[in-house]
*Asks:* 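Before I ask anything, here is the structure I am working with.
Computed from a prediction, not measured in an experiment: that's the story for all the values here. Sequential numbering from 1 along the given sequence is applied to the chain's residues. Just follow the structure's listing: the first ligand is 1, and inside any ligand the first atom is 1.
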Amino acid sequence: ALAATACGGDGESGNGGGKNGELSGTVTWWDTSTVGSEDKVFKKLAEGFTALHPKVKVNYVNVPFGDAQNKFKNAAQSGSGAPDVIRSEVAWTPEFADLGYLAPLDGTAALKDEKDFLPQAAASTKYDDKTYAVPQVIDSMGIFYNKKIFKEAGVQVPGTVAELKTVSKKIKDKTGKTGMYLRGDDAYWFLSFLYGEGGNLVDATSRTVTVDNAAGAKAMTVVKDLVDSGAAKTDATDGWENMQASFKDGEVAMIINGPWAVSDTYGGVQFKDKANLGIAPVPAGSVAQGAPQGGHNLAVYAGSKNLDASYAFTEYMTSAASQAEVAEQLSLLPTRTSVYDKPGVADNEIVGFFKPVVDKAIERPWIPETGSLFAPLVTEYTKVLTGQTTPDKGVGATGDAYRKLLKGWK
Ligand SMILES: C[C@H]1O[C@H](O[C@H]2[C@H](O)[C@@H](O)[C@@H](O[C@H]3[C@H](O)[C@@H](O)[C@@H](O[C@H]4[C@H](O)[C@@H](O)[C@@H](O)O[C@@H]4CO)O[C@@H]3CO)O[C@@H]2CO)[C@H](O)[C@H](O)[C@@H]1N[C@H]1C[C@@H](CO)[C@H](O)[C@@H](O)[C@@H]1O
């Protein structure tokens, strides 16, 4: 505490500028990674920072993904309770930056070897020509399938939505299992079908809402038909748990998911033998094939009382060595190009599959409103899948909500 006060800290978490620049004080980090599969790796990594900086205590806090965005905004707004560093999902970052809640990182110790970052990962950290975060993981989606069930049914993994229906029918006839579990309570699972029909949520260049155009309506019809035809099953709530349980227990032959689900999936009885998990590109629609780009950055709270230690912690957690550790332990994708050919990463089959997928994943516009596009969409998406509204009405209501959100967009 003396050191902290001496360098102007608040006793609790000095600003790290102790004698001969030695870092000190506390760094509180809000991690949003999945409890029970990812969190233990991130917690161990974070606490490893103290080995390098003995006078810094890392206070690891796991905040559920669904709560963290609002929790951080409320804390930052009220000026109390915000962490020093937050794991900021790619779409939260421009919003937090726009609100002034993030410390600009250009010229600080947080940013090292910037040229090593994948351009598409770095894109979501830039706002108003400044850098407000450091990319930690990047991801996209693919088909996860159960090789044993596919063999039993004598089918190949589907490359298109049409094939998905015929393959699911054969699986049902031969094994009694449902082909796919399609998550119905998270609109991220709608995006690859939307891209497959040549659609998108918006067109940022022409500032046009496009979710309710013909392609959007078609895509909603496609997902509704997957459920109505019995090719896929879904639920209005508890989608993550139900999707993972039905796939891990072998009740369904396929799901659509991303690298963040791999560690949890390997915990399932069907995948004790990891080789039974197959991964393939998301199915193409009638005009195109495309998967969304997601991921997470680390950002420093503008009001942190320990900026120096927070910058150093952020750099440490996004360093090549840390990213290699996370890729090896959890099959998550690095955001640094140099990490992909490191031992333990280069031979990881999941990372090897998703790298080319991520290189052509469809980016969303990194504007403050991007994160807010999912709430209205998921309401309508769930209603369409559960027969409470029609595809046309669903995308129509979504488009209306977007035009209220995006001032002046067509
Ligand atoms: C609705 C939400 O819409 C958007 O989120 C999009 C997101 O932008 C998309 O990119 C995509 O995220 C991927 C993600 O990229 C992918 O990595 C993975 O993340 C894993 C981690 O990997 C895993 O480690 C662990 O953390 O777990 C993570 C999650 O599994 O999967 C994600 C997809 O799940 O999809 C998101 C949509 O879910 C908004 O951004 C808000 O989040 C918004 N929620 C707020 C809305 C507020 C108003 O209602 C409500 O009041 C508030 O309480 C809610 O918070």
*Asks:* Does ligand 1 have any atom sitting under 4.0 Å from a heavy atom of Q293?
*Replies:*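 The answer is no, since Q293 has no heavy atom less than 4.0 Å from ligand 1.
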
*Asks:* Can you pull out the closest protein heavy atom to atom 10 (O) of ligand 1? Residue, atom name and distance to 0.1 Å, please.
*Replies:*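 That would be E89 OE2, 2.4 Å.
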
*Asks:* For atom 34 (O) of ligand 1, what's the nearest protein heavy atom and its distance?
*Replies:* D186 OD2, 2.7 Å

*Asks:* Side chain or backbone, does G294 bring an N or O within less than 3.5 Å of an N or O on ligand 1?
*Replies:* no

*Asks:* I need the nearest protein heavy-atom contact for atom 1 (C) of ligand 1: residue, atom name and distance, please.
*Replies:*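 Here the nearest protein heavy atom works out to F374 CB, 4.0 Å.
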
*Asks:* Among Q69, E95, H296, which one has a heavy atom closest to atom 46 (C) of ligand 1?
*Replies:* Q69

*Asks:* Considering only heavy atoms from C-beta outward, does the side chain of R336 approach that of F117 to under 4.5 Å?
*Replies:*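 Heavy-atom side-chain distance check passes, below 4.5 Å.
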
*Asks:* Return yes or no for this condition: an N or O of R364 is under 3.5 Å from an N or O of ligand 1.
*Replies:*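 Yes, there is a polar N/O contact under 3.5 Å.
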
*Asks:* For ligand 1, which is the ligand I care about here, please tell me if W240 has any N or O atom under 3.5 Å from one of the ligand's N or O atoms.
*Replies:* no

*Asks:* Counting C-beta onward and ignoring hydrogens, is there a side-chain heavy-atom pair between R87 and W29 closer than 4.5 Å?
*Replies:*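 Contact flag for R87/W29 side chains = yes.
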
*Asks:* Taking all heavy atoms of L105 and all of L111, pick out the closest pair and write down the distance.
*Replies:* O-CD1, 3.8 Å

*Asks:* Take Y266 and K248, measure what side-chain contact (heavy atoms from CB on, under 4.5 Å) needs, and give me the verdict at the end.
*Replies:* CA-CA 8 Å; Y266 281 151; K248 284 153 71 175; over 6 Å; no

*Asks:* Is the charged tip of R183 near the ring of F190: under 6.0 Å from the six-membered ring centre and within 45° of its axis?
*Replies:*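 No, R183 does not sit over the ring of F190.
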
*Asks:* Which of the numbered atoms in ligand 1 are below 4.0 angstrom from a heavy atom of G66?
*Replies:* 52 (C), 53 (O), 54 (C), 55 (O)

*Asks:* Nearest to atom 25 (C) of ligand 1 by heavy atom, I138, T34, D31: which?
*Replies:* T34

*Asks:* With respect to W92, which candidate in F65, Y101, F374, W366 satisfies the ring pair (Phe, Tyr, Trp, His ring centres under 6.0 Å) definition?
*Replies:*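 The passing option is F65.
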
*Asks:* Among V58, V300, V27, N59, which residue meets the side chain to side chain contact (heavy atoms under 4.5 Å, CB included) test with D84?
*Replies:* V27

*Asks:* Closer than 4.0 angstrom: is that true for some heavy atom of F42 and an atom of ligand 1?
*Replies:*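 No, F42 has no heavy atom closer than 4.0 Å to ligand 1.
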
*Asks:* Who's closest to atom 24 (O) of ligand 1 heavy-atom-wise, of E38, K73, K71?
*Replies:*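 Looking at heavy atoms only, E38 sits closest to atom 24 (O) of ligand 1.
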
*Asks:* Identify the protein heavy atom lying closest to atom 48 (C) of ligand 1, giving its residue, its atom name and the separation to 0.1 Å.
*Replies:*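 I find the closest protein heavy atom is A375 CB, 4.2 Å.
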
*Asks:* Going by heavy atoms in the side chains, are V345 and Q323 under 4.5 Å from each other?
*Replies:* no

*Asks:* I'd like to check Q244 versus I255 (side-chain heavy atoms, cut-off strictly below 4.5 Å). Are they in contact?
*Replies:* yes

*Asks:* Do NZ/NE/NH1/NH2 and the carboxylate oxygens of D273 and K148 come within less than 4.0 Å?
*Replies:* no

*Asks:* Which residue holds the protein heavy atom closest to atom 28 (C) of ligand 1, what is that atom called, and what is the gap in Å?
*Replies:* F65 CG, 3.7 Å

*Asks:* In terms of residue, atom name and distance, what is the protein heavy atom nearest to atom 17 (O) of ligand 1?
*Replies:*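 Going atom by atom, the protein heavy atom closest to atom 17 (O) of ligand 1 ends up being D139 OD2, 2.6 Å.
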
*Asks:* Taking the ring centre of each residue, are F96 and Y127 less than 6.0 Å apart?
*Replies:* no

*Asks:* Can you tell me if G295 has a non-hydrogen atom under 4.0 Å from ligand 1?
*Replies:* yes

*Asks:* Please name the pair of heavy atoms, one in A82 and one in F72, separated by the smallest distance, quoted to 0.1 Å.
*Replies:*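 Looks like CB-CE1, 4.3 Å.
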
*Asks:* Just need the protein heavy atom nearest to atom 4 (C) of ligand 1, so name the residue and atom and give the distance.
*Replies:* G371 O, 3.5 Å

*Asks:* If the cut-off is 4.0 Å to any non-hydrogen atom of S33, which atoms of ligand 1 fall inside it?
*Replies:*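 Result: 24 (O), 26 (O).
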
*Asks:* Please list, in number order, the atoms of ligand 1 under 4.0 Å from a heavy atom of W189.
*Replies:* 33 (C), 34 (O)

*Asks:* Looking at S33 and Y60, what are the two nearest heavy atoms and their distance?
*Replies:*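 Shortest heavy-atom separation between S33 and Y60 comes out as OG-OH, 4.0 Å.
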
*Asks:* Is there at least one pair of N or O atoms, one from T32 and one from ligand 1, spaced under 3.5 Å apart?
*Replies:*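 The answer is yes, given that T32 and ligand 1 share an N or O pair closer than 3.5 Å.
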
*Asks:* Return yes when R87 approaches ligand 1 closer than 4.0 angstrom through a heavy atom, no otherwise.
*Replies:* yes

*Asks:* Is K355 close enough and on-axis enough to Y340, meaning under 6.0 Å and within 45°, for cation-pi?
*Replies:* yes

*Asks:* At a 4.0 Å threshold, what atoms of ligand 1 neighbour a non-hydrogen atom of A91?
*Replies:*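 Those qualifying, in numeric order: 8 (O), 40 (O).
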
*Asks:* How far is atom 51 (O) of ligand 1 from its nearest protein heavy atom, and which residue and atom is that?
*Replies:* N70 ND2, 2.7 Å

